[in-house]
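Protein chains get the first letters and strands the later ones, always in sequence-line order, with residue 1 at the start of each. On a predicted model such as this, the values are computed, not experimentally measured, just so you know.
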Protein chains: 2
Amino acid sequence: MRNQGVEQIEQSQESPLELISSMFASDMSEVDRLILENMQSDVAVIPKLAQYIISAGGKRIRPLLTLASTSMFNGDMSKSHNLAAAVEFIHTATLLHDDVVDESNERRGQKTANLIFGNQASVLVGDFLFSKSFQMMVKSGSLEILSILSNASAVIAQGEVLQLSATNDINTKMPLYLDIIESKTAALFAASCEVGAVISNQDKATVTAMRNYGAKLGAAFQIIDDALDYAADQKALGKDLGDDFREGKITAPIIFALENATKEEYEFWQRTLGYKDQKDGDFARAMEIITAHNALNKTIELAKTYANDASKSLKIIDNSDVKHLLCGLTSYIITRSF
Amino acid sequence: MRNQGVEQIEQSQESPLELISSMFASDMSEVDRLILENMQSDVAVIPKLAQYIISAGGKRIRPLLTLASTSMFNGDMSKSHNLAAAVEFIHTATLLHDDVVDESNERRGQKTANLIFGNQASVLVGDFLFSKSFQMMVKSGSLEILSILSNASAVIAQGEVLQLSATNDINTKMPLYLDIIESKTAALFAASCEVGAVISNQDKATVTAMRNYGAKLGAAFQIIDDALDYAADQKALGKDLGDDFREGKITAPIIFALENATKEEYEFWQRTLGYKDQKDGDFARAMEIITAHNALNKTIELAKTYANDASKSLKIIDNSDVKHLLCGLTSYIITRSF
């Protein structure tokens with residue numbers, strides 16, 4: 001399918017993400033093989049827990065970005081498979097630690113690993129996957145790749161700590177929120193795209209363009225994720241609706257709702273998110289306030305500006321089917337319910 | 001002091017570890033500077049927490065091994081400083097996650113970071129330090145170094161998971177115990193020594209000798225650490241005496257005590273360690289049984305065989321003051337109460 005023309009893509013009923021998945025289906029099965037191979041260990045709980053979280057689904061969007069980016073520049077796909085697997089390992093390690101930190105019970109409609117295997121195993125298997133990702137990157141033989149992905153990892157961890165500090169602080173403003181999502185989410189999207197260009201020996205401008213595309217796409221993705229917490233059909237999303245609310249995370253919908261908050265509303269947010277003093281009916285009331293302030297639409301508009309920027313970043317790249325799909329992905333991500 | 005002769009070393013009242021510390025005092029202050037520099041972040045809790053755990057003391061034995069190994073082969077000390085700091089970051093990240101996993105309250109006579117900053121921050125700052133260590137290694141410009149240290153990190157994580165699986169299982173036998181300590185502790189000691197030889201461009205036999213030295217020294221160090229949990233003057237050790245007992249960790253003293261256990265003793269260990277059903281007086285009874293089985297002396301003998309092996313590993317290395325001190329360290333580590 002990788003050689004189908006733009007017209008065929010246009011006629012398809014499938015989403016850009018599904019089309020990219022189909023286009024790189026055989027590459028992804030090689031990535032899956034590498035993931036399986038690298039999570040093996042004589043210590044039984046490691047492959048068991050790793051298998052559990054990795055097979056829990058997810059759209060594998062980050063490794064797909066690495067594959068698409070490499071393929072767009074006619075890079076070495078076998079190198080790309082290895083990096084795509086490494087990127088997925090970093091992401092998975094982050095998920096494991098996130099769920100411990102957030103004390104989450106459900107992810108993508110399944111019980112979280114920490115709930116089944118315990119926090120201790122989740123922390124340590126996260127460390128294992130993280131170490132393994134570096135072992136895999138070393139195989140790439142490129143210090144530049146290692147530099148990009150170790151920088152991304154450090155930025156992700158900083159973003160997670162920053163998010164932790166801002167949790168329950170209803171005075172968190174938009175710049176801090178954007179800083180958090182750019183670190184915790186956009187950094188790995190950016191690196192996933194960037195490494196594809198780097199292993200394909202592209203020039204600096206192209207590498208930067210791919211990096212920017214990933215960063216903006218990742219930010220849009222996270223903003224929509226934060227919107228879905230107050231809007232999603234829980235079954236489609238496979239996560240607990242209102243998780244962020246219960247944890248007191250200050251995300252875009254809340255920040256918009258707080259902009260012109262009445263005294264009563266401010267006190268409501270202070271009690272429920274600031275002091276985490278929540279009772280029955282509070283989440284419904286939160287949804288009401290968010291709707292009254294048009295905060296969800298404002299959040300989606302914010303995501304759109306990032307998605308547009310992502311699309312614009314690709315301007316300097318030669319046209320191709322893959323580029324067309326990557327552009328399509330930016331608007332698709334806004335409408336997603338996954 | 002780095003140029004003093006062997007005779008002066010012999011006459012000294014200081015321990016080999018103190019002598020190595022003095023010998024590399026100026027190098028260590030450069031390592032400290034790099035540690036401080038690399039734990040900076042705009043996210044305030046990161047340097048705060050990192051500072052807390054790093055300044056909590058510890059003998060910095062791993063970075064000292066990297067410095068000593070490099071210096072012994074007349075390697076580039078500025079490269080060594082960077083790697084020594086990276087090694088300490090890996091170790092510190094491991095400590096942070098360990099304390100979360102073990103739910104520890106005290107380390108080196110101070111409250112643990114998780115007690116003060118919370119488990120969440122400890123997990124995430126551990127991730128940050130771990131990522132930073134890889135950024136620092138990338139600066140070394142050597143894929144071989146990155147390979148050695150990423151392998152070590154993966155082995156450490158495996159060892160920690162293995163330890164978790166064996167906790168509370170009083171049927172844990174010596175080979176499994178040795179596997180655990182070789183992974184969770186000896187692997188980083190081995191890598192710390194190995195990288196010093198690698199950046200000094202030593203041949204394969206020399207690199208292997210240094211790796212073996214570190215591995216055996218690290219195992220001896222951990223075995224003594226496990227003995228001290230049942231023997232140490234708590235104030236000198238700065239850790240809670242009986243921590244391992246309370247957590248149900250099956251370490252060498254327990255395995256030796258279980259070898260010829262009476263039915264009553266076996267049931268005692270099953271209750272206290274297996275089921276973690278402990279009451280006042282149990283730790284005193286544990287000490288009694290351990291003494292009756294000569295289990296502490298057997299543990300120290302076990303450590304001695306590793307220490308001897310460590311010393312023997314250095315045979316092929318040319319004599320020098322540093323080598324003399326590294327040899328001395330192997331016997332000193334057995335008598336330590338730190």
Side-chain angles (χ1 to χ4, degrees), chain A residues 38 41-46 49 90 93-94 96-98 100-103 118-165 167 179-180 183, chain B residues 38 41-46 49 90 93-94 96-98 100-103 118-165 167 179-180 183:
Chain A
N38 280 283
S41 163
D42 294 338
V43 185
V45 71
I46 292 179
L49 196 157
I90 294 177
T94 312
L96 280 171
H97 287 184
D98 266 10
V100 170
V101 167
D102 291 345
E103 297 166 359
N119 282 337
Q120 301 169 313
S122 285
V123 169
L124 298 175
V125 175
D127 290 349
F128 175 77
L129 293 178
F130 197 47
S131 305
K132 272 284 168 181
S133 77
F134 278 94
Q135 285 187 301
M136 290 153 84
M137 289 174 224
V138 170
K139 279 187 198 152
S140 77
S142 159
L143 284 164
E144 194 179 352
I145 295 288
L146 276 150
S147 173
I148 292 165
L149 286 167
S150 62
N151 290 349
S153 300
V155 170
I156 292 168
Q158 282 192 81
E160 299 278 357
V161 180
L162 198 56
Q163 171 172 269
L164 188 63
S165 326
T167 300
D179 194 358
I180 291 170
S183 307
Chain B
N38 280 284
S41 162
D42 293 339
V43 186
V45 71
I46 292 179
L49 195 158
I90 294 177
T94 312
L96 281 172
H97 288 185
D98 266 9
V100 170
V101 168
D102 291 346
E103 297 166 359
N119 282 338
Q120 303 171 312
S122 285
V123 169
L124 298 175
V125 175
D127 290 349
F128 175 77
L129 293 178
F130 197 47
S131 304
K132 273 284 169 183
S133 77
F134 277 94
Q135 285 187 299
M136 290 154 84
M137 288 174 223
V138 170
K139 280 188 197 151
S140 78
S142 158
L143 284 164
E144 192 178 353
I145 295 288
L146 276 151
S147 173
I148 293 166
L149 287 167
S150 60
N151 290 348
S153 299
V155 169
I156 292 168
Q158 282 192 80
E160 300 279 357
V161 180
L162 198 57
Q163 173 173 268
L164 188 64
S165 327
T167 300
D179 195 358
I180 291 169
S183 306

Visitor: What part of A:D127 gets closer than 4.5 Å to chain B, counting heavy atoms only: side chain, backbone, both or neither?
Guide: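 Its backbone and side chain both get close to chain B.
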Visitor: Below 4.5 Å, heavy-atom pairs only: which of B:I90, B:N151, B:V45, B:I156 has the largest tally toward chain A?
Guide: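 Going by pairs under 4.5 Å, I would pick B:N151.
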Visitor: Looking at chain A, which one of B:E103, B:M137, B:E160 has the largest number of heavy-atom pairs inside 4.5 Å, strictly under?
Guide: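 Counting heavy-atom pairs under 4.5 Å, the top option is B:E160.
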Visitor: Using non-hydrogen atoms only, which part of B:V155 is less than 4.5 Å away from chain A: side chain, backbone, both, or neither?
Guide: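 Answer is neither: B:V155 stays 4.5 Å or more from chain A.
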Visitor: Answer whether the closest heavy-atom distance between the side chains of A:F130 and B:S153 falls below 4.5 Å.
Guide: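 No, every pair of side-chain atoms sits at 4.5 Å or beyond.
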Visitor: If you round to the nearest 0.5 Å, how far is NE2 of B:H97 from CG of A:L124?
Guide: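 Reported to 0.5 Å precision, the distance equals 8.5 Å.
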Visitor: Need one label for A:S165: side chain, backbone, both or neither, based on atoms under 4.5 Å from any heavy atom in chain B.
Guide: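 Interface part for A:S165: side chain.
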Visitor: Between the main-chain N or O of A:V101 and the side-chain N or O of B:Q120, is there a donor-acceptor pair closer than 3.5 Å?
Guide: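 Yes; judged by distance alone, with no hydrogens or angles, the pair exists.
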Visitor: Please look at A:L143 and chain B and tell me whether the side chain, the backbone, both or neither of the residue comes under 4.5 angstrom of a heavy atom of that chain.
Guide: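 Both parts, backbone and side chain.
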Visitor: Rounded to the nearest 0.5 Å, what separates atom OG in A:S133 from atom CZ in B:F134?
Guide: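 Separation between the atoms: 7.5 Å.
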Visitor: Below 4.5 Å, heavy-atom pairs only: which of B:A157, B:A121, B:A44 has the largest tally toward chain A?
Guide: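 Among B:A157, B:A121, B:A44, the one with the most close pairs to chain A is B:A157.
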Visitor: Excluding sequence neighbours, so at least two apart, what forms side chain to side chain contact (heavy atoms under 4.5 Å, CB included) with A:N38?
Guide: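 Side chain to side chain contact (heavy atoms under 4.5 Å, CB included) check on A:N38 returns A:L34, A:F89, A:K132, A:M136, A:K139.
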Visitor: Does a donor on one side chain sit under 3.5 Å from an acceptor on the other, for B:Q135 and A:S150?
Guide: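 Short answer, no.
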Visitor: Select one option (side chain, backbone, both, neither) describing which atoms of A:D42 are under 4.5 Å from chain B's heavy atoms.
Guide: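 Only the backbone of A:D42 comes within 4.5 Å of chain B.
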Visitor: Just to verify, what does B:D102 make a salt bridge (charged side-chain N to carboxylate O under 4.0 Å, His left out) with, not counting sequence neighbours?
Guide: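 Expected list: B:K249.
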Visitor: Which bit of B:L162 is near chain A, if near means a heavy-atom gap under 4.5 Å: side chain, backbone, both or neither?
Guide: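 It is both, since atoms from each part get that close.
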Visitor: Counting only non-hydrogen atoms closer than 4.5 Å, does A:V161 touch chain B with its backbone (N, CA, C, O), its side chain (CB onward), both, or neither?
Guide: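 Both backbone and side chain.
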